[in-house]
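Below is one structure; the comments refer to it alone.
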Amino acid sequence: MKIGLFDSGLGGLSVLRAVLDRATILDIHYHADQAHLPWGPRPPAELRRYCSQITAALAARGCERIVLACNTASAVALQPLRGQFPELQFVGMEPAIKPAANLTRSGVVGLLATPATLAGELLAQTRARHAPHIQIVSDPCDGLAEAIEHGDQQRVQTRLESIIPPMIQQGADVLVLGCTHYPFASAAIADIAGPDVAILDPSPAVASQLLRLLPAGPTGSGERVYSTSGDPAEFARRASALLGLPVTATQEHWATQEAASDFGGATRG
């Protein structure tokens, strides 16, 4: 069984890393839509179209389980994709609000996320179910995902120094990483936040949920396929560094500006 994972760029590799920590034999195709990075500020209809097109392409290549390794995509496209592709099983990202609510001592949780994630119904539902009594202080983290994507450490540091201290000053003792790019800056986040602040990355929980959807358990040959709509050589260089594994990539332009279905996505088949 082949697993498809996709994101706007390198961020979803944090989810892939968590999957590989648990099951190295899975056959996986990872796609990064770097031509349209960042996804966070894009209109929901446009992002749903991209997600539909990428899903159709992964399904055509034999992927039966699809992981939306992107909080923004999950917020706006997960439920529509399940309706459009009933034959596939999907796993999406959800901000770790429930474990944060159980962990916080101060009753204040900091949420680092993109604008689309913060405005999404998925977050609102999660908060209403699991943390109605918790104060959540959030920041849309403008430019942070792009800085991490491009390996701009100085810009990452500068953005984090403007984002995290106000959350701590408001009493946050737990920080939730609401974008899959952010775990790659977790060391810098921890340094700024200090030792008394917990940092929650939902990637391990997502990886565990994926494995629960494999009734026969993880099987495969360990094949890895990587594609990007950006520069494949640069993607491979950065992905190899982030994963600590050799990566080669091809260029694939699956997401386009033109709608091709009633969902606003790619023609299937």
Is the closest side-chain donor-acceptor distance between Asp33 and Ser8 under 3.5 Å? no
Any side-chain heavy-atom pair of Cys141 and Leu112 under 4.5 Å: yes
Would you list the pairs meeting side-chain hydrogen bond (donor to acceptor under 3.5 Å, both in side chains) in which at least one residue belongs to residues 144-161, sequence neighbours left out? Gln34-Glu149, Glu149-His181, Gln154-Thr158, Gln157-Glu161, Arg159-Ser162
Residues that Arg22 engages under salt bridge (Lys or Arg N to Asp or Glu O under 4.0 Å), provided they are two or more places apart: none
Sequence neighbours excluded, every pair satisfying side-chain hydrogen bond (donor to acceptor under 3.5 Å, both in side chains) that has a member inside residues 57-74: Arg65-Gln89, Thr72-Thr114
Step through the shown structure and confirm whether more than 12 heavy atoms of other residues, nucleotides or ligands are within 6.0 Å of NZ on Lys98. no
Ser106 and Thr104 have their tightest heavy-atom pair at N-OG1, 3.3 Å
Non-neighbouring partners of Ala113 that pass side-chain contact (heavy atoms from CB on, under 4.5 Å), sequence neighbours left out: Leu111, Thr117, Leu118
Would you please say whether a donor-acceptor pair under 3.5 Å links the side chains of Gln251 and Thr228? no
Please list all pairs meeting side-chain hydrogen bond (donor to acceptor under 3.5 Å, both in side chains) that have one or both residues in residues 236-246, counting only residues at least two apart or in different chains. Glu234-Arg237
Report yes if the distance between the aromatic ring centroids of Trp254 and His29 is under 6.0 Å, otherwise no. yes
Is a donor on one side and an acceptor on the other found under 3.5 Å between the side chain of Asp27 and the backbone of Gly220? no
For the residue pair Trp39 and Phe6, categorise the inter-ring angle as parallel (less than 30°), tilted (30 to 60°) or perpendicular (more than 60°). perpendicular
Exercise: identify the closest heavy-atom pair between Gln170 and Val137: OE1-CG1, 3.2 Å
By salt bridge (Lys or Arg N to Asp or Glu O under 4.0 Å), Glu223 pairs with (sequence neighbours left out) none
Using a 4.5 Å cut-off on heavy atoms from C-beta on, say whether the side chain of Tyr226 contacts that of Leu16. yes
